[in-house]
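Before any comments, here is the structure.
The analysis underlying the following values was restricted to heavy atoms, covering all of them including side chains, and did not include hydrogens, waters or symmetry mates. Chain letters run A, B, ... following the sequence lines, proteins first and then strands; every chain starts at 1. Just so it is clear, the model here is predicted, and its values are computed rather than measured.
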4 protein chains.
Amino acid sequence: MLLEQYQACIEACQKCITACNYCFSSCLKEKNLDMMKECIRLDRECADLCELTAKSLAASADYVHELCRLCAEACERCGNECSRHEAEHCRACAEACYACAEACRTMAAA
Amino acid sequence: MLLEQYQACIEACQKCITACNYCFSSCLKEKNLDMMKECIRLDRECADLCELTAKSLAASADYVHELCRLCAEACERCGNECSRHEAEHCRACAEACYACAEACRTMAAA
Amino acid sequence: MLLEQYQACIEACQKCITACNYCFSSCLKEKNLDMMKECIRLDRECADLCELTAKSLAASADYVHELCRLCAEACERCGNECSRHEAEHCRACAEACYACAEACRTMAAA
Amino acid sequence: MLLEQYQACIEACQKCITACNYCFSSCLKEKNLDMMKECIRLDRECADLCELTAKSLAASADYVHELCRLCAEACERCGNECSRHEAEHCRACAEACYACAEACRTMAAA
């Protein structure tokens with residue numbers, strides 16, 4: 001069985017991936033696109049890193065702790081950007097990012 | 001908000017990714033490695049395709065239905081192989097694979 | 001040794017990934033962002049699918065031919081969108097996309 | 001245009017991805033599978049990290065330098081394991097891993 005702590009972090013990453021990718025495509029449909037460009041960029045960066053982190057946790061890759069540390073920073077950055085916007089997809093994404101940042105920090109420190 | 005059906009399929013994919021990647025690394029630690037080699041190979045193929053499928057669903061990519069169809073086949077194949085083994089990680093993986101195959105078939109037909 | 005035809009298709013995919021990802025981030029810096037939004041979306045979709053295709057070719061995954069067929073379509077779509085823009089990153093991306101579409105079609109038919 | 005240094009590191013990553021994924025599937029066909037299990041595991045870990053690194057370099061992601069540092073270590077580890085084996089796919093993989101480690105270290109220090 002996967003360790004409970006791993007499982008929790010994987011699930012936080014996966015929720016964050018979905019929220020970021022949904023926010024990414026929703027931002028691209030927003031009227032004021034110029035205001036969303038950092039959000040679009042960071043949504044993708046965050047989702048891509050969470051994807052490798054979730055996979056590495058499930059397979060117990062050698063570099064998993066360093067990756068979790070890096071992932072926590074990317075989630076924090078994306079959460080901060082999303083927090084600046086009113087759209088529901090941004091609010092939901094910020095929440096998922098902060099939860100994932102917290103889970104990754106806990107893993108990185110373990 | 002993500003459509004409910006999309007959300008269900010994304011979650012089935014994500015559970016399948018975790019089960020496949022955990023099965024992958026667990027198979028590599030099995031004593032009778034020779035017996036597990038198809039399982040190792042298909043675990044990875046299945047996880048990699050589920051990963052792109054989950055991401056494409058969340059971002060509503062243009063090719064999402066074709067990908068779901070392909071993903072359903074890969075999950076079926078991996079589930080069939082895992083079903084041949086007694087190990088708990090294989091049993092759990094087969095279950096996740098079949099559930100994901102079902103969810104992807106539903107999406108592909110939508 | 002990897003078959004020569006596989007190798008050629010992998011390299012076309014990898015050039016396409018780089019061109020798409022560079023075009024993606026360059027589009028996000030363009031002044032007239034609104035004009036680039038389809039390009040941003042398709043750059044990512046195309047890069048993500050090429051990534052899985054290149055990996056699947058190198059590892060001879062079971063679903064590699066179907067994936068090549070799907071990838072050829074995504075490359076064609078992205079190339080068509082990039083062709084509508086004057087920016088150098090779009091021109092280079094269109095070229096890489098069409099070359100990859102051609103290579104993937106050849107593989108899919110093999 | 002992508003900076004020349006970025007381009008060189010992307011290409012080293014892409015060659016390493018192909019070599020690792022080809023070595024992965026070739027190892028799974030080896031007779032003495034037990035001897036190859038660390039190689040199989042590290043081939044995948046290395047390929048997956050190189051994939052994110054190449055993508056991040058092309059899109060100038062914020063975390064690209066830290067990722068290059070991590071990637072250099074994974075390549076070194078995989079290269080060391082591959083060097084222990086006589087098979088041609090392992091020899092070629094070790095070479096691609098060491099070249100990628102070198103390119104990533106240079107990027108990380110830039």
Side-chain angles (χ1 to χ4, degrees), chain A residues 2 6 10 13-14 16-17 20-21 23-25 27-28 36-82 84 93 97 100-101 104-105 107-108, chain D residues 2 6 10 13-14 16-17 20-21 23-25 27-28 36-82 84 93 97 100-101 104-105 107-108:
Chain A
L2 257 175
Y6 273 49
I10 290 168
C13 285
Q14 290 178 332
C16 191
I17 294 167
C20 283
N21 285 328
C23 187
F24 173 88
S25 76
C27 281
L28 281 171
M36 310 314 286
K37 68 181 170 188
E38 267 298 276
C39 204
I40 293 166
R41 188 176 71 82
L42 294 174
D43 278 340
R44 188 188 179 188
E45 283 191 22
C46 185
D48 287 346
L49 191 48
C50 285
E51 206 171 79
L52 182 59
T53 304
K55 165 161 54 187
S56 304
L57 282 161
S60 303
D62 286 344
Y63 46 64
V64 77
H65 286 91
E66 291 93 331
L67 211 54
C68 281
R69 197 162 31 76
L70 212 52
C71 193
E73 288 170 26
C75 289
E76 199 72 36
R77 210 153 41 222
C78 188
N80 289 344
E81 175 59 28
C82 283
R84 298 177 54 239
C93 191
C97 284
C100 188
C104 284
R105 266 191 302 267
M107 269 304 305
Chain D
L2 257 176
Y6 272 49
I10 291 169
C13 285
Q14 290 178 333
C16 191
I17 295 167
C20 283
N21 285 329
C23 187
F24 172 89
S25 76
C27 280
L28 281 171
M36 311 314 283
K37 68 181 171 188
E38 267 299 275
C39 205
I40 293 167
R41 188 177 72 81
L42 294 173
D43 279 340
R44 188 188 178 188
E45 282 191 22
C46 186
D48 287 346
L49 190 49
C50 285
E51 206 172 79
L52 182 59
T53 304
K55 165 160 57 185
S56 304
L57 282 161
S60 302
D62 286 344
Y63 45 65
V64 76
H65 286 90
E66 290 93 332
L67 212 53
C68 282
R69 196 162 32 78
L70 212 52
C71 194
E73 289 170 26
C75 289
E76 199 72 35
R77 208 152 41 220
C78 188
N80 289 344
E81 175 59 29
C82 283
R84 300 177 53 238
C93 191
C97 283
C100 188
C104 283
R105 267 191 302 266
M107 269 304 305

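- With contacts defined as side-chain heavy-atom distances shorter than 4.5 Å, the pair D/Leu42/D/Cys82 does not qualify.
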Q: With side chain to side chain contact (heavy atoms under 4.5 Å, CB included) as the test, would you mind laying out the steps for D/Cys68 and D/Leu57 before giving the verdict?
A: CA-CA 9 Å; D/Cys68 282; D/Leu57 282 161; 4.2 Å; yes

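- Remark: A/Cys75 SG to A/Leu70 CG distance equals 10.0 Å, nearest 0.5 Å.
- In this structure, A/Cys46 and A/Cys97 approach most closely via the heavy-atom pair SG-SG, 4.1 Å.
- A/Cys50 has its side chain out of reach of A/Cys20: every pair of non-hydrogen atoms, C-beta onward, lies at least 4.5 Å apart.
- Residues D/Leu67 and D/Leu49 meet the side-chain proximity criterion, which asks for heavy atoms closer than 4.5 Å.
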At a 3.5 Å cut-off, give me the donor-acceptor pairs between chain D and chain A, one pair per line with the distance.
| from | atom 1 | to | atom 2 | distance (Å) |
| --- | --- | --- | --- | --- |
| D/Arg41 | NH1 | A/Asp62 | OD1 | 3.1 |
| D/Arg41 | NH2 | A/Asp62 | OD2 | 3.3 |
| D/Glu45 | O | A/Tyr63 | OH | 2.7 |
| D/Glu45 | OE1 | A/Asp62 | N | 3.0 |
| D/Glu45 | OE2 | A/Asp62 | N | 3.2 |
| D/Asp62 | N | A/Glu45 | OE1 | 3.0 |
| D/Asp62 | N | A/Glu45 | OE2 | 3.2 |
| D/Asp62 | OD1 | A/Arg41 | NH1 | 3.1 |
| D/Asp62 | OD2 | A/Arg41 | NH2 | 3.3 |
| D/Asp62 | OD2 | A/Arg77 | NE | 3.4 |
| D/Tyr63 | OH | A/Glu45 | O | 2.6 |
| D/Arg77 | NE | A/Asp62 | OD2 | 3.4 |

